[in-house]
2 protein chains.
Amino acid sequence: MRLNRLTDYAVVMLAHIGRPGRESGPEAGGRRVVTAAEMAADSGVPLPTVAKLMKLLAQAGILASQRGALGGYRLARAPERITMAEIIAALEGPIALTACVDGREGDCEVESLCPMRGNWDKVNRAVRQALDAVTLADMSLEPQRFPPVAAAAAARPVAQAS
Amino acid sequence: MRLNRLTDYAVVMLAHIGRPGRESGPEAGGRRVVTAAEMAADSGVPLPTVAKLMKLLAQAGILASQRGALGGYRLARAPERITMAEIIAALEGPIALTACVDGREGDCEVESLCPMRGNWDKVNRAVRQALDAVTLADMSLEPQRFPPVAAAAAARPVAQAS
DNA sequence: CTTATACGGTACCAAATTAGTCCCCTATTG
DNA sequence: CAATAGGGGACTAATTTGGTACCGTATAAG
Ligand code: SF4
Ligand code: SF4
């Protein structure tokens, strides 16, 4: 139930690209263009790995690439229109918790005598919906200042806790 | 985004245990007791592997074990009160899509300069809720004969759904 | 009390997957 | 033409996963 580290990195980077650039240059109208090298420098992830990720994201239609000098990547769409499900699917293949969902049969060697073939679809669908409901824009927001456990602690009388 | 094969098997077996036994013996009142060897035979999964799974599930309090002759496993609770989230957590550890959720910090080496630490929690929570909403009882039902889209059609008054 | 049954725990190994690297090609700018 | 920057694919090392083996302990039957 843990997703690949690369997928995690990809989301971090996409959020980074999607975030409005510090410098308000001529790119104001369109979306920001960032090179793989920049991403590597900003994120600490090694360049070859970043490059690999970007390629995959571009193939999936999440990033638009521009080759040649002055080239780079930019979001293919507004961050509000890119979902987590999409990103994950781009990097890890279709969201399928088990081998027998998605209609694809024959992947599981015991599926003929398995009395539950169809039931996983419920879970799968629930998860996919959850992942569809979160967009890249949601991930670009400033992280909430209060960690989960501190919810109660933050309500202490001394703290002015919203 | 794929869960372990073992987790899949575990759910299949749990559903199998939870299903009302063909033979209505003295166990009618309590829950059915099944040995690891039986499970292995029924499922095709090799015995040592089954045993390992059962152990884990017993430790997690999902199965109750009875040692000695005539021993075996049975569900610790009614299938309606066992959630997918619980089963998955028992076998794969707490549900945490990335290294920086659940409050556990320091697992990710770049989390200090990652501008999104808290945001994954949203996704994580969404997934966990989705998994909490499905119980073992839901997984024990006969797989629906109709593919997902037929959900509305299945509610027709005319069909007595057999 | 002895024996057969069946779970409990741990250590271990092999296969599969993942993360990361390398190298060369193609496109674009100037 | 030279410099930049992505595209593609093969390759390797590290980690995780799936599966096995062995020995100990509890319990019921006889
Ligand atoms: S057929 Fe059964 S064992 Fe195979 S993937 Fe589906 S649920 Fe799992
Ligand atoms: S801190 Fe950032 S990079 Fe690290 S696990 Fe969390 S989201 Fe991913």
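From a predicted model like this one, the values you see are computed outputs, not experimental measurements. Naming convention: chains lettered A, B, ... in sequence-line order (proteins, then strands); numbering from 1 in each chain.
Look at A/S65 and you'll find a side-chain N or O under 4.0 angstrom from OP1 or OP2 of D/dG7. Distances shorter than 4.0 Å separate none of the side-chain N or O atoms of B/T35 from OP1 or OP2 on C/dT5. At least one side-chain nitrogen or oxygen of A/Q59 sits closer than 4.0 Å to the OP1 or OP2 atom of D/dG8. Applying the 4.0 Å criterion to OP1 and OP2 of C/dT29, one finds that A/R67 has every side-chain N and O outside that range. Residue B/R2 has no polar side-chain atom (N or O) positioned under 4.0 Å from OP1 or OP2 of C/dT17.
Backbone-only engagement by A/A36 is indicated by non-hydrogen atom pairs under 4.0 Å involving sugar-phosphate atoms exclusively. Looking at heavy-atom distances under 4.0 Å, B/A51 makes no contact with the nucleic acid at all.
Between A/P46 and A/G68, the one whose closest nucleotide on DNA chain C sits nearer the 5' end is A/P46. Remark on DNA chain C: of its neighbouring residues B/K52 and A/A69, the 5'-side contact belongs to B/K52, judged by nearest-heavy-atom nucleotide. DNA chain D is contacted by both B/L47 and A/Q66; A/Q66 maps to the nucleotide lying nearer its 5′ end (nearest heavy atom per residue).
With rounding to whole Å, A/L63 atom CG is found 17 Å from D/dA5 atom P. When rounded to the nearest whole Å, the span between CE of B/M13 and P of C/dC7 equals 13 Å. Protein atom CG of B/D8 is 10 Å distant from nucleotide atom P of D/dG18, rounded to whole Å. The CG atom of B/L6 sits 11 Å away from the P atom of D/dT20 (whole-angstrom rounding). Across the protein-nucleic acid pair, A/L57 atom CG and D/dG6 atom P stand 13 Å apart, rounded to whole Å. Put simply, CG on A/L53 is 14 Å from C1' on D/dG6, counting in whole angstrom units. Here C/dA6 presents its P atom at 9 Å from CD of B/E38, a figure rounded to the nearest Å. For B/L56 and D/dG19, the CG to P distance is 14 Å, given to the nearest whole Å.
Two residues are said to be in side-chain contact when any heavy atoms from C-beta on lie closer than 4.5 Å; A/L91 and A/L57 meet this criterion. Using a 4.5 Å heavy-atom threshold, the side chains of A/L14 and A/M139 count as separate. The shortest side-chain heavy-atom distance between A/V134 and A/T83 does not fall under the 4.5 Å cut-off. A/L6 places none of its side-chain heavy atoms less than 4.5 Å from the side chain of A/L56.
For B/Y73, the side-chain atoms get nearest to C/dG8 when compared with the rest of C/dA19, C/dG8, D/dG9. Here the nucleotide nearest the side chain of A/N4, chosen from D/dG18, C/dA19, C/dT10, is C/dA19.
One finds a salt bridge joining A/R77 and A/E86 here, because a Lys/Arg side-chain nitrogen approaches an Asp/Glu carboxylate oxygen to under 4.0 Å.
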